[in-house]
Chemist: 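Before anything else, here's the structure in question.
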Amino acid sequence: MATVTPLSPAQVLVLIFKACLIVVVLLLGRGLYWLLHLVVLAPPFDPLRHLPGPEGKAFQNHFREVMDPNKSVNSHEQWTKSFGKTFRFHGFGKHDYRLMSLDARALSHILNSPIYEKPWQTRRFLGRLLGRGIFAMEGDEHRSLRKFIAPAFSTRSIRGLTPIFLQKAEELRDRWDLLLPVVSPSRPLSPYEPKDVHDGQSAVIDVLNWLSRATFDIIGIAGFDYQFNSLEDETEEVYLAYRKMFDAADRAPGFKGLAQIFFPIIEKIFPDETSRITTASLKTVTAAGKTLIENKKALILAEKASGQAPKEKSIISLLINANVSEDPSQRLSDEHLLDQLSTFLFAGSDSTAVGMAWCIHHLSLNPDVQSRLRKEILRLHEISSEAVSEDRHDFADSVDALPYLDAVVREALRLSPPAHGAIRVATQNDVIPLSEPIVMKDGSVATEVNIRKGSFVHIPIEGVNLSSSIWGEDSLKFNPDRWIEGQTPTHPGLANLMTFSFGPHSCPGWKFAIFETKLILAVLLPHFVFSPAEEIKKYNAILTRPYVYNKYELGPQLPVRVGRYQAESK
Ligand code: HEM
């Protein structure tokens with residue numbers, strides 16, 4: 001019988017080394033083939049290469065021209081003038097053809113077709129913060145979640161939130177009132193509160209910070225029956241956890257951030273400050289979310305057991321009803337339920353606050369518009385104080401119907417959309433129809449675009465909103481009258497804008513956001529006058545936020561000089 005000689009430790013080590021070497025060589029080979037395919041083999045067969053568009057060097061990208069709001073206004077305009085409403089640009093290099101279109105028919109096709117999904121990179125980035133919330137869902141799962149939450153966003157449900165909107169608007173008004181003109185140096189500032197500057201008559205207030213607090217409080221109560229009380233002070237632990245997490249995520253991702261999207265293990269091995277903040281914040285948020293869900297679930301189950309029909313239509317109640325559904329195909333798991341809470345808190349507060357802050361910015365730059373709007377609102381307050389009805393819902397309905405307020409809010413949302421753009425990926429080869437033909441690189445005219453599986457499509461929300469070919473030569477001007485004089489183009493987007501997108505993934509909260517903005521302005525405008533305090537620039541991370549020119553290191557903020565509206569000038 002042959003005897004097997006045991007291997008010496010050195011031989012074992014050599015064997016392990018050889019095995020590792022083979023694995024590394026195989027992986028490198030696979031990686032090299034992937035790179036070769038990506039950069040050399042696949043691009044000549046990409047149908048998008050025939051489209052007109054800006055040229056670039058081998059590894060030159062057009063990301064800044066597409067996504068930096070300080071450049072994108074010009075680039076979108078120039079490209080549309082040079083190439084038409086549909087063109088290609090370069091992603092990570094000349095090999096990476098990406099499609100962009102401002103053509104209504106093409107956009108409608110892309111945003112309504114199940115072929116186009118959010119890329120896994122976007123979903124992974126948002127998923128790290130928001131879990132598997134609605135933003136990360138597609139197909140049937142997404143459709144049924146939209147169905148569950150739809151009642152929370154009906155006109156009736158939103159109107160029912162009037163007392164919450166008005167209560168928080170008045171609290172905000174009173175907080176600002178305290179900031180002017182009495183200077184109170186002893187008032188302690190929280191780490192998130194900018195140092196408001198007083199001159200005895202008026203104060204420079206970071207309206208973005210305050211509006212974020214107001215909208216956070218509102219979605220907390222309206223959506224989740226949870227009191228953050230952030231207008232009072234910024235000490236509530238869940239509020240602080242969210243703020244820290246989103247502030248950290250809001251910084252430009254940088255090379256490491258991008259690499260982490262592709263290789264999440266990097267974050268585990270080399271956690272940086274952002275990942276430490278995110279992990280700690282998520283722990284706080286998860287613990288609080290679980291308690292909130294347990295309490296609400298107990299109430300809803302008790303309601304069900306007593307045979308009562310569900311009364312509440314708040315987001316959390318609707319989600320819990322889906323969670324305790326007797327039909328397993330309709331049931332939302334506990335884990336997914338928690339992910340939805342974070343998603344709705346984020347989506348429902350930050351974007352609205354940013355939109356409102358931009359609106360106040362435009363009012364501060366346009367005093368004539370501001371005083372015309374104030375007059376319209378003051379007249380309504382006069383009528384309401386004379387009216388017999390003290391129903392706050394009636395007042396809110398009248399605010400909602402004010403024509404100039406409606407025009408101002410829409411115009412601000414057009415000119416400064418909080419979401420700069422969206423991105424989709426084609427999950428199979430497709431043909432996109434166009435309403436306006438384009439001239440291809442070989443001189444032929446095309447009325448449709450061939451796109452292959454895996455290609456990225458950029459949806460230029462801001463580009464469409466600002467395009468002179470859609471809105472006319474004054475497209476960059478803040479001109480609310482365009483909405484009153486019927487000069488607005490018919491547009492497939494919600495509220496006749498691209499701001500909330502459209503199609504199955506469009507914003508379910510658009511009516512909520514517009515109503516909330518109108519009510520807050522209707523409370524603030526009769527009391528305050530806004531004028532510019534600093535030169536403001538846009539910066540685009542998750543949302544397009546305001547920054548003070550040359551003070552980017554201070555983070556997003558919108559300082560505005562706020563004075564009291566003087567009764568004698570009424
Ligand atoms: C001015 C305020 C707002 C703006 C500009 C805005 C904008 C948008 C946009 C552009 C999208 C689509 C993103 C994409 O297609 O990739 C979206 C989705 C979404 N928004 Fe809003 N939004 C606002 C307010 C709200 C509010 C108040 C809520 C909830 C209370 C909300 C909840 C959501 C949700 C849940 C989605 C995901 C929808 C889905 O994937 O099916 N948004 N929003």
Side-chain angles (χ1 to χ4, degrees), residues 107 110-112 114 116-119 121-123 125-127 130 132-139 141-154 157-158 161 164-165 211-212 214-216 218-224 313-316 318-319 339-359 409-410 412-425 456-462 464-465 493-495 497-521 540 542-545:
L107 286 171
I110 295 160
L111 289 171
N112 282 306
Y116 299 89
E117 295 186 349
K118 288 183 192 148
Q121 294 89 333
T122 313
R123 291 196 253 162
F125 174 70
L126 288 174
L130 306 170
R132 250 185 75 64
I134 192 167
F135 277 122
M137 291 178 166
E138 295 287 348
E141 191 185 26
H142 175 260
R143 242 187 316 279
S144 50
L145 194 70
R146 286 289 298 228
K147 217 169 84 201
F148 288 139
I149 56 153
F153 295 100
S154 70
S157 300
I158 293 168
L161 301 174
I164 303 169
F165 291 143
L211 290 166
S212 297
T215 55
F216 215 84
I218 289 174
I219 192 75
I221 308 173
F224 307 102
K313 296 251 183 308
S314 69
I315 300 168
I316 191 167
L318 293 167
L319 291 171
D339 293 341
Q340 306 309 329
L341 296 198
S342 292
T343 303
F344 279 91
L345 268 178
F346 163 69
S349 61
D350 244 23
S351 40
T352 318
V354 169
M356 259 188 250
W358 283 121
C359 187
V409 171
R410 276 173 209 257
L413 286 168
R414 181 188 72 81
L415 210 50
S416 301
H420 186 265
I423 184 161
R424 297 287 186 267
V425 64
F456 289 103
V457 182
H458 284 245
I459 312 290
I461 292 182
E462 187 206 61
V464 173
N465 276 2
L494 298 173
L497 289 164
M498 198 61 203
T499 308
F500 300 99
S501 189
F502 58 95
H505 279 278
S506 64
C507 179
W510 70 281
K511 287 187 195 157
F512 184 116
I514 291 181
F515 192 52
E516 182 179 7
T517 304
K518 286 181 178 178
L519 290 186
I520 291 185
L521 287 178
N540 181 27
I542 299 179
L543 295 174
T544 306
R545 296 173 200 272

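Just so you know, ligand 1 is whichever comes first in the structure, and atom 1 is the first atom listed for that ligand.
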Chemist: Considering non-hydrogen atoms of the protein only, which is the closest contact for atom 21 (Fe) of ligand 1, and what is the distance?
Modeler: C507 SG, 2.3 Å
Chemist: If you compare all heavy atoms of L111 against all heavy atoms of S501, which two are closest, and at what distance to 0.1 Å?
Modeler: CD1-OG, 3.8 Å
Chemist: Counting each atom of ligand 1 from 1 as listed, which ones have a heavy atom of F512 under 4.0 Å away?
Modeler: 27 (C)
Chemist: Starting from atom 41 (O) of ligand 1, find the nearest protein heavy-atom neighbour and note its residue, name and distance.
Modeler: H142 NE2, 2.5 Å
Chemist: Check for me whether M356 has a heavy atom closer than 4.0 Å to any atom of ligand 1.
Modeler: no
Chemist: Going by heavy atoms, is I134 under 4.0 Å from ligand 1?
Modeler: yes
Chemist: So, do V425 and K118 sit near enough that their side-chain heavy atoms are less than 4.5 Å apart?
Modeler: no
Chemist: In the protein, what heavy atom is nearest to atom 23 (C) of ligand 1, and what distance, to one decimal place, separates them?
Modeler: S351 OG, 3.4 Å
Chemist: Could you name the option among T499, T517, L413, T544 that has the heavy atom nearest to atom 7 (C) of ligand 1?
Modeler: T499
Chemist: Using a strict 4.0 Å cut-off to heavy atoms of A513, name the atoms of ligand 1 that fall inside it.
Modeler: 1 (C), 2 (C), 24 (C)
Chemist: Just let me know how I423 lines up against ligand 1, side chain, backbone, both or neither, with a heavy-atom cut-off below 4.0 Å.
Modeler: neither
Chemist: Tell me if a side-chain donor or acceptor on S351 pairs with a main-chain N or O of A347 at a distance below 3.5 Å.
Modeler: yes
Chemist: Can any side-chain N or O of T215 pair as donor or acceptor with the backbone N or O of L211 at less than 3.5 Å?
Modeler: yes
Chemist: With heavy atoms only and a cut-off of under 4.0 Å, state how R424 meets ligand 1: side chain, backbone, both or neither.
Modeler: side chain
Chemist: Nearest protein heavy-atom contact for atom 37 (C) of ligand 1: which residue, which atom, what distance?
Modeler: F135 CE2, 3.5 Å
Chemist: Is there a side-chain contact between V457 and I423 in this structure, where contact means two heavy atoms from C-beta onward sitting under 4.5 Å apart?
Modeler: no
Chemist: Going by the atom numbers of ligand 1, which of them fall below 4.0 Å from some non-hydrogen atom of T352?
Modeler: 1 (C), 2 (C), 24 (C), 27 (C)
Chemist: Side-chain contact test, heavy atoms from C-beta onward, threshold under 4.5 Å: evaluate it for L341 versus I315 and give yes or no.
Modeler: no
Chemist: Can you name the closest pair of heavy atoms from P151 and S157 and give their distance?
Modeler: O-OG, 2.6 Å
Chemist: Check whether any side-chain heavy atom of H420 lies under 4.5 Å from a side-chain heavy atom of I461, and answer yes or no.
Modeler: no
Chemist: Are H505 and E117 packed together at the side-chain level, in the sense that at least one heavy-atom pair is separated by less than 4.5 angstrom?
Modeler: no
Chemist: Side chain, backbone, both or neither: which applies to W510 and ligand 1 if a contact is any heavy-atom pair less than 4.0 Å apart?
Modeler: neither
Chemist: If we only consider heavy atoms of M137, is any one of them less than 4.0 Å away from an atom in ligand 1?
Modeler: no
Chemist: Can you tell if the side chain of I134 reaches within under 4.5 Å of the side chain of I149, non-hydrogen atoms only?
Modeler: yes
Chemist: Could you check atom 38 (C) of ligand 1 against the protein and tell me its nearest heavy-atom contact, residue, atom and distance included?
Modeler: R146 NH1, 3.3 Å
Chemist: Measure the distance from atom 4 (C) of ligand 1 to every protein heavy atom, then report the residue, atom name and distance (to 0.1 Å) of the closest one.
Modeler: F500 CE2, 3.5 Å
Chemist: Distance under 4.0 Å to a non-hydrogen atom of I219: what atoms of ligand 1 satisfy this?
Modeler: 30 (C)
Chemist: Looking at L494, L519, L413, T352, which hits side chain to side chain contact (heavy atoms under 4.5 Å, CB included) with I514?
Modeler: L413
Chemist: Can you name the atoms of ligand 1, numbered from 1 with element, that are less than 4.0 Å from a heavy atom of S506?
Modeler: 38 (C)
Chemist: Check ligand 1 against I461 and write out every atom of the ligand that is under 4.0 Å from a heavy-atom position of the residue.
Modeler: 10 (C)
Chemist: Begin from the C-alpha positions of M137 and R146 and carry the test side chain to side chain contact (heavy atoms under 4.5 Å, CB included) through to its verdict.
Modeler: CA-CA 10 Å; M137 291 178 166; R146 286 289 298 228; over 6 Å; no
Chemist: Using only atom types and a distance under 3.5 Å, with no angle test, would you say the side chain of R424 pairs donor to acceptor with the backbone of F456?
Modeler: no
Chemist: What is the nearest protein non-hydrogen atom to atom 36 (C) of ligand 1, stated with its residue, atom name and distance?
Modeler: P508 CD, 3.5 Å
Chemist: So that I know where these two stand, are F346 and F216 an aromatic pair - ring centroids less than 6.0 Å apart?
Modeler: no
Chemist: For ligand 1, is there an atom lying under 4.0 Å from some heavy atom of P418?
Modeler: yes
Chemist: Any idea which heavy atoms bring T544 and W358 closest together, and the distance?
Modeler: O-NE1, 3.0 Å
Chemist: If we only count N/O pairs under 3.5 Å, is E516 in contact with ligand 1?
Modeler: no
Chemist: Around atom 12 (C) of ligand 1, find the nearest protein heavy atom and jot down its residue, atom name and distance.
Modeler: H505 O, 3.6 Å
Chemist: Mind checking whether G355 has a heavy atom under 4.0 Å from ligand 1?
Modeler: no
Chemist: Provide the number and element of each atom of ligand 1 under 4.0 Å from a heavy atom of F153.
Modeler: 29 (C), 30 (C)
Chemist: Using heavy atoms and a threshold below 4.0 Å, how should the contact between A422 and ligand 1 be classified: side chain, backbone, both, or neither?
Modeler: side chain
Chemist: Can you find a heavy atom in the side chain of F512 that is under 4.5 Å from one in the side chain of F165?
Modeler: yes
Chemist: Which ligand 1 atoms does K118 reach within 4.0 Å, using its non-hydrogen atoms?
Modeler: 16 (O), 40 (O)
